[in-house]
Amino acid sequence: MGQVSTDTTNPEVHSGLTTDWPQLPASQQPTWQDPAELAQALSVLAAYPPLVFAGECDLLRTRMAAVSQGKAFALQGGDCAETLAEVTGPNIRERIKTILQMAVVLTYGAGMPIVKVGRMAGQFAKPRSSDTETRDGQTLPAYRGDMVNGFAFTPESRRHNPDRLLRAYHASSATLNLVRGFTTGGFADLRSVHAWNKGFIKGPAQARYEQMAHEIDRAVRFLEASGVADAEEMRRVEFFSAHEALVLDYERPLVRRDHRTGLLYDTSSHFLWIGERTRELDGAHIDFVSRVHNPIGVKLGPTADRDTVLRLIDKVDPDRVPGRLTFITRMGAATIQEVLPGLLTSLGEDARHVSWICDPMHGNTFTTSSNHKTRRFEDVVEEVRGFFAAHLEAGTHPGGIHVELTGNDVTECVGGTSEVNLDNLGLRYETLCDPRLNHQQSLELAFLVAEMLDRGVY
Ligand code: PEP
Ligand code: CO
């Protein structure tokens, strides 16, 4: 995961405790019941080693600067909500394989460097539209992600439990450890592109991938035979982590000061984003990210206007640092064409130094009569097309995609060449939160996006 050039391991350098931060309104926060229990968890978290290093965050910022200039394309993908029970070797491996496959499809198809970012190793908290959930006359706190409470519908499980902050830290640490192993230890070797396709069901996207892997093999053999391929370089890939900076009692204790520069970094992840529901200009979340030097994302829904976006830029990126700020638009397939070109154009030069990424998932969710939350693959693709078209119209760069996916063969989103439809969604519906693209749908999306990037035809 990039170079390590900084010592951020000394917890003395920043206490990380909540008392250090300004008292601003913070929405979507847990309501912990026992202050002593919370204080104990926060002090343990503040003393733990950082999960990532400042130098790695800086490296990602330079990669995102290339994205903002149209010289690279970002692929952010992973679970809507990670769960502690799903932090297993096979789950992490299948997700990494899926993202690596998508990245290879995009690199090969579009001839562009792909900045690979997993929505993982920290994505354990969710914003909710309601604080409570009622089932059969019983009302309990809503599930807010495994970092806060449990999914099981019992009073004990739904209690907001500060010990879960520590469990989320350990699960993130274990995840990152395996991700680092996979991406630097030979598993991600470009000479293994075929192997990443093994173990998945054989659909049209997998067959197309197999064909492309043959071509890549030939190209790699040619480069090796010509003596120009660097075997060490082919063995490793750069891979970064990201999650929504939502629960401030998790993020704040993990802030550390970088000894080289004296600057603060949130060492819970390389990239952090602020969600659509917590991006209030005068709220604690935007204030928090404005104080740390990680590359930062902010989600923008269909109602985001020019004034709000300009004020977000001034708060989070007042110095206009290349690679610092990314807007992740999630407008909905039907709305993006109406809203995004005008917004981009109205921002003028200010739209050009930030990066723009398309989240084609969160504006396209609906609930079926069988009470499953789902998304149509066709809507996802349509939103990405609208995103490319909007940037073409405004003269800005379409910088990447941000998707909810799993390497497993689930039935959560409908459509594409997969067999998933509204009638068989229940077969393998496993998400505790939003519906994810399965392996086949993820690969298929990568092929379609590669074509859009390559041909400029949407
Ligand atoms: C998410 O990314 O899972 C999410 C909740 O997104 P948004 O903030 O865009 O609704
Ligand atoms: Co989601």
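Ligands are counted one by one from 1 in listed order, and the atoms in each one are counted from 1 as well. On a predicted model such as this, the values are computed, not experimentally measured, just so you know. What you see below is based on every heavy atom in this structure, not just the backbone, and it leaves out hydrogens, waters and symmetry mates.
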Query raised in the report: Do Glu412 and Asn438 have side-chain atoms, one donor and one acceptor, less than 3.5 Å apart?
Result: no

Requested in this report: Determine whether the side chains of Asn197 and Gln101 contain a donor N or O and an acceptor N or O closer than 3.5 Å.
Outcome: yes

**Report entry** ligand 1 to Asp359 polar contact by distance, N or O atoms, under 3.5 Å
**Finding:** no

Query raised in the report: Which word best sums up how the rings of His391 and Trp356 line up, parallel for under 30°, tilted for 30 to 60°, or perpendicular for over 60°?
Result: tilted

Query raised in the report: Which atoms of ligand 1 have any heavy atom of Arg119 under 4.0 Å away?
Result: 1 (C), 2 (O), 3 (O)

Query - Met361 heavy atom under 4.0 Å from ligand 1 - result: no

Report task. Taking the Co ion (ligand 2) as the reference point, name the nearest N/O/S atom of Asp434. Result -> OD2

Requested in this report: Indicate yes or no for a side-chain donor-acceptor contact from Arg330 to the backbone of Gly301 under 3.5 Å, with no hydrogens or angles considered.
Outcome: no

Requested in this report: Answer yes or no: is there a donor N or O on one side and an acceptor on the other, between the side chain of Asn424 and the main chain of Leu427, under 3.5 Å?
Outcome: no

Requested in this report: Looking at Glu404, pick out the N, O or S atom nearest to the Co ion (ligand 2) and give its name.
Outcome: OE2

Query - Under 3.5 Å: donor-acceptor pair, side chain of Thr175, backbone of Ala121 - result: no

Query raised in the report: Is NZ or CZ of Arg256 both nearer than 6.0 Å to the six-membered ring centre of Tyr265 and within 45° of the ring axis?
Result: no

Requested in this report: Mark yes or no for whether His285, through its side chain, and Leu246, through its backbone, hold a donor-acceptor pair below 3.5 Å.
Outcome: yes

Query raised in the report: Is it the side chain, the backbone, both or neither of Lys299 that has a heavy atom closer than 4.0 Å to ligand 1?
Result: side chain

Query raised in the report: Which of these, Glu276, His362, Arg330, has its nearest heavy atom closest to atom 9 (O) of ligand 1?
Result: Arg330

Query raised in the report: What part of Arg128 sits under 4.0 Å from ligand 1 if we count only heavy atoms: the side chain, the backbone, both or neither?
Result: neither

Query - Numbered atoms of ligand 1 (with element) below 4.0 Å of Gly275, judged on heavy atoms - result: 8 (O)

Requested in this report: Answer yes or no for Cys433: is there an N/O/S atom below the 2.8 Å cut-off from the Co ion (ligand 2)?
Outcome: no

Query raised in the report: Hey, does His402 come in under 3.5 Å of ligand 1, counting only N/O atoms on both sides?
Result: no

Query raised in the report: Which ligand 1 atoms does Arg277 reach within 4.0 Å, using its non-hydrogen atoms?
Result: 5 (C), 10 (O)

